[in-house]
Amino acid sequence: MGSSMAIDASDIRTSPGSDEFLKGIWQQNPIFVQVLGMCPVLAVSNTAKNALAMGLATAFVLLMSNMVVSSIRNYVPRQVRIVTFILVIATFVTVVDYLIQAIDLELHKSLGSFISLIVVNCLILGRAEAFASRNTVSRSALDGLGMGVGFCMALLCLGAVRELLGNGSLFGMAIFGDRFQPWVVMVLPAGGFFALAAWLLLFSWIAQVRARRVKIEEATS
Amino acid sequence: MNDTALWTLFVDACLINNFVLVYFLGICPFLGVSGKLATATRMGAAVSFVMLVSSMCAFGIHALLVAIDAPYLQLISFIAVIASTVQLVEMFIRKVSPALFRALGIFLPLITTNCAILGVALFQTNRGYGFAQSIVYALGAGAGFTLALVLIAGLREKLELARTPDLVKGTAITLVLAGLLSLCFMGFAGLSQ
């Protein structure tokens with residue numbers, strides 16, 4: 001968590017709005033780069049459907065809480081700001097909880113208490129504290145949307161891989177046919193750790209290759 | 001009302017359904033504070049204490065909310081109680097042991113956003129545990145959290161001495177270690193029969 005605060009302290013206020021949106025998706029992707037909000041990520045990413053639902057719920061809470069926090073940022077005393085932010089977040093999580101219950105009861109059951117646990121997702125409080133409490137409403141909304149989309153995509157990547165390997169299906173549709181021998185460990189808790197570690201390795205490998213290429217270009221020019 | 005035996009409840013929360021390795025709760029401090037064995041132990045103790053206090057408060061709040069018929073306030077009041085307990089612990093530790101206060105640093109206030117603590121409060125309510133059961137469940141969860149934190153801290157201290165490729169250093173190798181630990185804990189599943 002500490003690292004994200006350090007990155008955000010240097011956020012440039014004058015950057016164009018599209019940057020606020022795009023940085024959450026790639027450069028500062030909450031899961032693959034900042035490694036924030038891991039708990040729900042690992043717990044509900046055993047199928048692609050659960051992962052997508054969790055991602056959308058978190059993105060909604062992130063967007064709404066960012067907007068509210070930034071619109072009240074000048075009226076909240078510094079000492080009680082964290083508690084205020086958490087209460088704002090908890091309100092929106094309660095809304096989402098009842099919303100999902102109304103739309104799809106089956107989904108609500110399979111996600112269980114993890115919807116309520118969005119309250120303590122460090123990503124949301126981190127964005128409220130590091131970004132929304134210092135920037136305008138529109139900028140915070142873009143930031144929340146970008147981070148939300150980035151979170152959602154990363155969660156979907158993880159969920160799709162785990163469902164594909166552990167169950168041989170994607171969104172409940174069989175992909176590999178009857179002869180596929182499911183890799184059961186991938187849908188078990190241990191598989192969550194392994195799949196995430198593999199994605200992180202892939203990302204740091206890409207970063208390494210890119211850095212090496214830049215170095216070679218500098219040397220030859 | 002739930003009538004699970006207290007001892008079963010403790011073993012269940014601590015080993016079979018370990019909060020960190022099976023439920024994935026409290027992963028942030030698990031990855032963040034597990035670099036050194038000594039800090040990990042103290043962090044585990046602090047979290048266990050907050051867990052115990054907030055679990056007792058959560059039991060009272062739940063009873064109150066049922067009495068006034070306002071279940072939608074549950075989440076908000078739980079998190080408010082946890083935040084104030086953490087504030088209390090923070091003041092207490094600063095007064096009694098300034099050295100420990102500095103060692104824990106930013107991770108002390110961050111206990112508020114530790115999902116394991118809210119997790120205990122939510123699970124005990126959902127499963128309808130009584131007061132004694134809630135306390136034992138919180139104790140078990142705290143012991144399990146500390147156990148997982150100490151295990152991974154020990155492994156990471158050893159890992160410092162090992163030669164690992166640059167690519168996997170940091171979070172990736174820690175996650176692989178956590179995955180292996182989680183596989184080991186799957187062995188405890190047999191205890192539940």
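Just so it is clear, the values below take in all heavy atoms, side chains as well, and ignore hydrogens, waters and symmetry mates. Convention: sequence-line order gives letters A, B, ...; per-chain numbering from 1. Predicted, not measured: the structure shown is a model, and the values here were computed from it.
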Toward chain A, the part of Ile79(B) with a non-hydrogen atom under 4.5 Å: side chain
Return yes if a side-chain donor-acceptor contact under 3.5 Å exists between Thr47(A) and Asn167(A), otherwise no. no
Choice from Cys184(B), Ala178(B), Ala80(B), Gly26(B) maximising heavy atom contacts with chain A below 4.5 Å: Ala178(B)
Determine, using ring centers only, whether Phe131(B) and Phe59(B) are less than 6.0 Å apart. yes
Please classify the contact between Ile89(A) and chain B as side chain, backbone, both or neither, with a heavy-atom cut-off of under 4.5 Å. neither
Between Ala172(B), Ser84(B), Cys115(B), which shows the greatest number of heavy-atom pairs under 4.5 Å with chain A? Cys115(B)
Highest number of heavy-atom pairs under 4.5 Å with chain B among Asp97(A), Val83(A), Val93(A), Val119(A) belongs to Val119(A)
Given 3.5 Å as the limit, does a donor-acceptor pair link the side chain of Ser97(B) with the main chain of Ile93(B), or not? no
Which of the residues Leu200(A), Leu117(A), Ile86(A) is involved in the greatest number of heavy-atom pairs with chain B at under 4.5 angstrom? Leu117(A)
Let me know if Leu180(B) has heavy atoms under 4.5 Å from chain A in its side chain, its backbone, both or neither. both
Quick one: are the ring centres of Phe24(B) and Phe193(A) less than 6.0 Å apart? yes
Can you confirm whether the side chains of Gln124(B) and Ser55(B) place a donor and an acceptor under 3.5 Å from each other? yes
Between Arg162(A) and Ala48(A) (side chain of the first, backbone of the second, donor and acceptor by atom type, cut-off under 3.5 Å), is there such a pair? no
